[in-house]
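Just so we're clear, the structure is a prediction, and the values are computed from it rather than from any experiment.
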Amino acid sequence: MNRKDFIKIISGGAAMASIQPLYNWSKSLHEEDEKLPVLFIGHGSPMNAIEDNEFSKRWQQMGKEIPTPKAVVVVSAHWLTKGTMVTAMPNPKTIHDFGGFPQALFDVQYPAPGSPELATEIQKLITNPAVELDHDWGLDHGTWSVVKHMYPDADIPVLQLSIDYYKPAAYHYELAKQLLSLRKKGVLIIGSGNMVHNLRMVAWDKLNQPEYGYDWALEMNAIFKEKITNGFHKELIQYEKLNKAATLAIPSPDHYYPLLYILALQTENDKVEFFNDKAVGGSLTMTSVKIG
């Protein structure tokens with residue numbers, strides 16, 4: 001065998017080896033008869049990660065109720081970027097992106113694996129815009145504070161899809177539609193934020209008062225639920241026009257945009273179910289929704 005032929009064989013073998021993991025992953029993601037649901041989860045305080053309360057207990061229950069996914073993709077309110085990125089490392093780090101909390105919260109590690117293969121699959125699915133593979137981020141508290149309750153063994157691959165904070169609401173809704181096929185391939189997609197989220201107006205002295213909400217917060221929460229129930233997505237995309245209280249409920253859209261990703265993945269005959277439907281501290285709601 002001459003040198004030229006030898007190099008061809010070696011190069012071809014290397015190429016096959018490099019695409020084999022992606023082939024294996026794509027093969028494992030065959031379409032199922034049933035679609036997985038999609039979830040929008042109001043994650044609230046990072047302390048929910050280590051507290052055994054009504055919210056975290058419902059997350060635990062949800063993890064048992066729905067079919068076990070092959071992977072989880074989270075759109076978290078806490079990963080805001082210019083451009084759209086997906087975590088593509090094999091072992092994402094646990095990010096403690098907060099301050100002023102007990103050491104016990106900073107000690108939490110959630111060592112779920114990532115999946116470079118699924119990240120590449122997502123990059124291919126989303127044709128507009130181009131998606132960048134990220135190797136630096138990890139899992140922020142918008143993800144692990146919830147998922148650690150749903151899947152405490154940390155044995156399911158978890159990825160994050162970033163929010164391009166420089167784009168409008170409609171952009172995120174249209175982008176998310178391109179992920180629809182993952183619902184039939186065993187991938188659980190979660191939006192993690194809060195429908196009503198105004199930290200500047202939190203009544204800190206009322207945090208322990210059950211279901212304490214300002215009138216405007218409760219009004220907007222009810223409007224959101226009515227629009228979601230009836231599938232009025234266009235009105236939810238144009239949320240600023242819903243009510244004069246919308247600017248109080250959503251002073252910045254970072255915690256609201258994850259909801260739009262989940263609404264975009266709704267299909268005909270999907271059942272809508274609300275849970276953890278409560279106000280906290282006056283200006284926050286934990287209201288969450290399962291679609292499908």
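Cluster membership for I291 and I41, using ILVMFWY side-chain heavy atoms within less than 4.5 angstrom, is not shared. Each of M220 and V280 belongs to its own hydrophobic cluster when Ile, Leu, Val, Met, Phe, Trp and Tyr are linked at side-chain heavy-atom distances under 4.5 angstrom. When hydrophobic clusters are built by joining Ile, Leu, Val, Met, Phe, Trp and Tyr residues whose side-chain heavy atoms come closer than 4.5 Å, directly or via intermediates, M286 is grouped together with F275. The hydrophobic clustering, which links ILVMFWY residues whose side-chain heavy atoms are closer than 4.5 Å, places L125 and I190 apart. L218 and L242 end up in different hydrophobic clusters when Ile, Leu, Val, Met, Phe, Trp and Tyr side chains are linked at under 4.5 Å.
Looking at every heavy atom in both residues, L139 comes nearest to Q160 through CA-OE1, 3.2 Å. Counting all heavy atoms, side chain and backbone alike, P258 lies closest to S76 at CG-C, 4.3 Å. In this structure, A88 and L133 approach most closely via the heavy-atom pair CB-CB, 3.9 Å. Taking both residues in full, the closest heavy atoms of P92 and G138 are given as CB-CA, 3.9 Å, listed atom of the first, atom of the second, then distance. The minimum heavy-atom distance between L36 and P67, with the atom names listed, is CD2-CB, 3.7 Å. The shortest heavy-atom contact between A279 and G213 is CB-CA, 3.8 Å.
At a threshold of 4.5 Å between non-hydrogen side-chain atoms, the residues Y171 and P129 count as touching. Put simply, the side chain of W216 reaches to within 4.5 Å of the side chain of S283, judged on heavy atoms. Counting only heavy atoms from C-beta outward, the side chains of L39 and I262 never approach each other to under 4.5 Å.
Side-chain atoms of D164 come within 3.5 Å of backbone N or O of Y166 as a donor-acceptor pair. Looking only at distances, no side-chain donor or acceptor of Q123 sits under 3.5 Å from a matching main-chain atom of E132. A donor-acceptor contact shorter than 3.5 Å links the side chain of H96 to the backbone of F106. Judged by distance alone, with hydrogens and angles left aside, the side-chain atoms of E211 form no donor-acceptor pair with the main-chain N or O of K278 at under 3.5 Å. Side chain of S162 to main chain of M85: a donor-acceptor pair is present (N/O by atom type, distance under 3.5 Å, no hydrogens or angles). Judged by distance alone, with hydrogens and angles left aside, the side-chain atoms of N198 form a donor-acceptor pair with the main-chain N or O of R200 at under 3.5 Å. The backbone N or O of L118 lies less than 3.5 Å from a partner atom in the side chain of S115, making a donor-acceptor pair. For N243 (side chain) and A245 (main-chain N/O), a donor-acceptor pair under 3.5 Å exists by modelled atom type. Looking only at distances, no side-chain donor or acceptor of H233 sits under 3.5 Å from a matching main-chain atom of L260. When atom types are taken as modelled, the side chain of W144 and the backbone of A49 share no donor-acceptor pair closer than 3.5 angstrom.
At most 12 non-hydrogen atoms from other residues, nucleotides or ligands lie less than 6.0 angstrom from CG of N208. Under a cut-off of 6.0 angstrom, the local environment of CG in D215 is sparse, with at most 12 non-hydrogen atoms contributed by other residues, nucleotides or ligands.
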Working for side-chain contact (heavy atoms from CB on, under 4.5 Å), residues K148 and V108: CA-CA 10 Å; K148 75 179 289 290; V108 174; 3.9 Å; yes
Does the pair V73 and V86 meet the rule for a side-chain contact (heavy atoms from CB on, under 4.5 Å), with working shown? CA-CA 9 Å; V73 175; V86 61; 5.7 Å; no
Hey, mind stepping through M195 and Y239 against side-chain contact (heavy atoms from CB on, under 4.5 Å) and telling me if it holds? CA-CA 11 Å; M195 291 188 198; Y239 63 89; over 6 Å; no
Verify side-chain contact (heavy atoms from CB on, under 4.5 Å) between I66 and L188, making sure each step is shown before the conclusion. CA-CA 10 Å; I66 64 178; L188 175 64; 3.8 Å; yes
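If you look at Y256 and F224, their ring centroids are closer than 6.0 Å. Ring centers of W59 and H43: at least 6.0 Å apart, outside the cut-off. Ring centers of F98 and H141: under 6.0 Å apart, within the cut-off.
For the side-chain contact (heavy atoms from CB on, under 4.5 Å) criterion with S56, the lone passing option out of H149, Q61, M150, M47 is H149. Put simply, the residue from T143, L161, I163, T87 that forms a side-chain contact (heavy atoms from CB on, under 4.5 Å) with W79 is T87.
Between the CD1 atom in I189 and the CD1 atom in I122 there is a gap of 7.5 Å [rounded to 0.5 Å]. To the nearest 0.5 Å, atom CG of residue L80 and atom CG of residue D140 are 9.0 Å apart. From M62, atom CE reaches atom CG of N276 across 8.0 Å, with rounding to the nearest 0.5 Å. Atoms CD and CG, on E219 and L248 in that order, are 10.0 Å from each other to the nearest 0.5 Å. With rounding to the nearest 0.5 Å, the separation of CD in E226 from CG in L236 is 9.0 Å. For the atom pair OH (Y173) and NZ (K234), the distance works out to 11.5 Å, reported to the nearest 0.5 Å.
A cation-pi contact links K206 to Y212, judged by a cut-off of 6.0 Å to the six-membered ring centre and 45° from its axis. Both cation-pi conditions hold for K225 and F274: the charged atom is under 6.0 angstrom from the six-membered ring centre and inside a 45 degree cone around its axis.
Ionic pairing of K57 and E51 is not present here: no N-O contact between side-chain nitrogen and carboxylate oxygen is shorter than 4.0 angstrom. Between E268 and K35, no side-chain nitrogen of the basic residue sits less than 4.0 Å from a carboxylate oxygen of the acidic one, so the salt-bridge criterion is not met. Ion pairing between a basic and an acidic side chain is recognised when a charged N comes within 4.0 Å of a carboxylate O; K184 and E34 show no such pairing. A salt bridge links R183 to D270: at least one charged side-chain nitrogen sits closer than 4.0 Å to a carboxylate oxygen.
A donor and an acceptor atom, one from each side chain of T247 and E240, are nowhere located under 3.5 Å apart. A side-chain donor-acceptor contact under 3.5 Å links N221 and T287.
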